[in-house]
Amino acid sequence: MTKHAPIIAGCDYFLHGGDYNPDQWLDRPEIIDADFRLMRLARCNTFSVGIFAWSVCEPEEGRFEFGWLDRIMDRMAEAGNKVFLATPSGARPPWLSAKYPEVRRVDRHGIRDTYRERQNHCWRSPVYREKVREINRRLAERYAGHPALAAWHISNEYNGDCYCELCKKAFREYLERKFGTLENFNRRCWTSFWSHRYGDWSEIEPDDPCMDAVALEWRRFATEQVCDFMRWEIDAVRQHSQHPVTTNMMGFFQGINYYRIAELCDFIADDRYPGWCDARDFASAASESAMIHDLHRTMAKKPFVLLESTPSNLNWKPFYRLKRPGLHRAEELLAVGHGADAVMYFQFRKGRGGSEKLHGAVVDHEGSENTRVFRDVAEVGEILEKIGEVRGTMTHPEVAVIYDWDSHDALLVSQGPSATEVKKPCETILQHYRAFWELNIPVDVVESTADLSAYKLVAAPMLYMLKPGVAENLRKFVAGGGVLISGYLSGYVNEDNLVFEGGLPGDGLRELFGIRQEELDGLTPDDRQFFRVTAANSLNLTGSHAVRDYAERIHPEGAEVLAEYVRDFYAGEAALTVNAYGQGFAYYQAGRSDLDFLLTFYGKLAKRHGIRRLLTTPAGVHATVREGEGKRYLFVYNFARGSEMFHTALRGRSLIDGSELTKEVVLPRFGSQVYRLEDEDVPERN
Ligand code: GLA
Ligand code: ZN
C-alpha cells in the first residue's frame, strides 16, 4: 500500500500549528515579532490566517487594506511556514450589517437578528453573496502566487438556519425541484394529516413540527444551503487560485449532513474539543474523539486535518479544568493514530479581550515559552517530527459502523416514540463504537449507502431510516458473507419519513434478520427490562443483562434466539437473535443494553467471525494502527484512571523514545506511544 500524498503538495511532514490572528495585534509589532520566534520554538509550521479579519481587510465598504496581510504572508514564507488562508465570511464588519440589514438572519418567528456574534448571515442574501464574492476574489487574486499559501480555509464552522423570505422561497423551490408536482409532494409528505394538503408551494412553512416529512426536508435543505454557499465561495476563489479548499467541520454536529460537505472539500478538516474538562470517564471522551477521527479518515479515504483543538482549557465548557500531564500529547496522538496528518490548535496566541480571552492557546498572556502548555505543544511538535514516516499511511479496518445524519434527522424530527433525550441515536452508536475501541478493533465510520464490500462486520444500530438502496446494500453485504448487527428502532421509515407497511424492520429487512417486530416498549428511567441468554447459544454468551429505554417485542421467523426477556408480560420472548442469510449472519438486538454487554457481545462476535484485535488491553487502554509501504505503526494510549499494563506478542520500537515494545508494556496514566512494528504479518488473534 503506497502512502497518500501530503495535505500540502511538497510538504512531506506532519502539519502542526493553528489559528493565528495577528489582525488583533496590528498596533503591537513587537508581539508579532515574538510570535514568529515562538512559532519556531513550538515547532509549528502551518497557520490558519484571516478567519475573522474582514473588518481589518475592508474597514469601509469597497476600501481594501491588505498591506498587513502581505507582511504576515511574507514572514510566514520567510519562516518556512505554510498558511491556510481563510475567506472571512464567518464574521462580517459592522458597516455591512448596518447598511444591508438583509444580510442578518431571521429566526423562526420572523424576527431579524441584530448585529452580533458571527456565523449568522443569511444564506441567500444577494448583497452578502456579492460582498463575499468580492473579498474572496481579491484575496485569491492577491495571494494565489504567494509561496506561503497552502490551501483555502473556506469560512468557519458553517451552521444554522435563516427563515427570511428569500430562504423560505429557496426552500420551496428546492421542494419543487425535488418533488416535481404538488400532487407528488402532498402524497409523499403525507400532508392530509391535520388538514395540511397544500394547494400552492408558497403555502409551505418550513417550521411546522406536525409535518415531519417537511421538517426532514428542511434539514436536508439546510445542508443544501451550506453546500450552495460554500460552492459560491469556492467559485470566487477559483477565479484566481487552484489551491485545495476545505472547511472546518464540527464532529457529529446535528444540523449539517457533513457527508455532503465532504464532497466539496479537497481534504477533510475538523475542530475537535474532547470533553476532558467534565469527564469522569476519560475513555468515553477519548473514544468519542476517536470515532469522529475515524469518520473523517473514512469520509475521503485519506488522512485528514485536525484543524482546531485546544492546547489547554476551554472557556465554553462548564468547568475550566486543566489538561493533566500527558493528556495533550495523548489527545493529539489519538488524532494521528486515527488518521490525522495534521494537528492544529485554536489558537496560537491568546487575545486580551473579546469572548475568547480566557480560552486556551499556545502562547499565554504571559507571553513567553516558559509555560507548561507551551512545552506540551513543543513536545507534540517534536514527536510529529520523530514519527514523520507515519505521514500518509492509513488504517484498513475489517469493521464499519454506520453513522447516518439523514437517518438521525428523520428520527429526531419525528414526534416520539419517546422524548428526544431518550432517543439518543448518536450516543447509542458511540456506545457500540466504544466496544470496538476497548477491544482494539479498528473501525471505519460510513454512511448507510456506502460500499460495504471491504468489511467483515458492520454495526448499524438505530438505523431508523432506510433510504432507497440501503436495505439492498445490507442484504448484499450479509449474503456475501458479512456479519451485520442492528436492532431496535431500525428500518422504521423510508426516505420520506413514512413508516414501512407489512411489518418492521421494513424494506425486506424482516427476511434478512429472520424476525418480525411487533411492538416497542418505552421504559421509564427508573424501569429496567432484562434479557437472559439461552442455554447453548451459538455465541457462548452467559448471564442476564439490563435493558434500558427501549425494548422491542420481536418474533423469530427463522432466526436463532440467543437471549430472551426476563420480565413482564413478554418474559420468555426473543430479545437477541441471529439469522443465517446467504453466506453471512444478521444479528438483531431488540433492547438497548449497557456498554458491559456490548463489550462481551462484540468480543464474542470477533472471536466467532474471525475479526482481528490488535491487542488485549485493560479497560481504558486503547490501541490503533496505521500502515503503508509495508510498515505498520502501533499507537497505544492509556485513558484509564491509573497506570496500566498489558501483554503483547508484537515486537517493535518506539519512534518517540526508542524504547522497545516488549512482552509487558506499562503505560502511565495518559501515557501514549507510537511503535514501528517489526514482526509484520502477525497481528494478534484474540
Ligand atoms: C470554534 C471556532 C474557533 C473558536 C473555537 C473555540 O472551533 O472555529 O473560532 O471559537 O471554537 O473553542
Ligand atoms: Zn435568509
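In each ligand, atom 1 is the first atom listed, and ligand 1 is the first ligand listed.
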Practice task
For ligand 1, note which part of R118 has a heavy atom under 4.0 Å away: side chain, backbone, both or neither.
Solution key: side chain
Handout entry: Which of the ligand 1 atoms, numbered from 1, are nearer than 4.0 Å to a heavy atom of E157
Key = 1 (C), 2 (C), 7 (O), 8 (O)
Handout entry: Interfacing atoms of ligand 1 (cut-off 4.0 Å, heavy-atom, F52)
Key = 9 (O)
Handout entry: Heteroatom proximity flag, D19 to ligand 1, N/O under 3.5 Å
Key = no
Practice task
Determine yes or no for a side-chain-to-main-chain donor-acceptor pair under 3.5 angstrom, with R129 supplying the side chain and W123 the backbone.
Solution key: yes
Exercise for the section: Looking only at protein heavy atoms, identify the closest one to atom 11 (O) of ligand 1 and say how far it is in Å. Expected result: E308 OE1, 3.7 Å
Exercise for the section: Answer yes or no: is there an ion pair linking D364 with K350, defined by an N-O contact shorter than 4.0 Å? Expected result: yes
Practice task
Give me the one residue out of F374, F670, Y345 that meets ring pair (Phe, Tyr, Trp, His ring centres under 6.0 Å) with H328.
Solution key: Y345
Handout entry: Protein heavy atom at shortest distance from atom 6 (C) of ligand 1
Key = H359 NE2, 3.1 Å
Problem - Donor-acceptor contact present, side-chain R108 to main-chain D161, <3.5 Å - result: no
Exercise for the section: Show which atoms of ligand 1 fall inside a sub-4.0 Å distance from at least one heavy-atom site of N156. Expected result: 2 (C), 8 (O), 9 (O)
Handout entry: Vertex the Zn ion (ligand 2), rays to SG in C167 and SG in C122 - rounded to 10°
Key = 100°
Problem - Check against side-chain hydrogen bond (donor to acceptor under 3.5 Å, both in side chains), H146 and H243 - result: CA-CA 11 Å; H146 200 286; H243 290 77; over 6 Å; no
Practice task
Kindly identify the option in Q347, Q119, E356 whose heavy atom sits closest to atom 4 (C) of ligand 1.
Solution key: E356
Practice task
Give a yes or no on whether F64 atom CZ has more than 12 heavy-atom contacts from other residues, nucleotides or ligands under 6.0 Å away.
Solution key: yes
Problem - Row check, F282 ring normal vs R669 NZ/CZ: under 6.0 Å, within 45° - result: yes
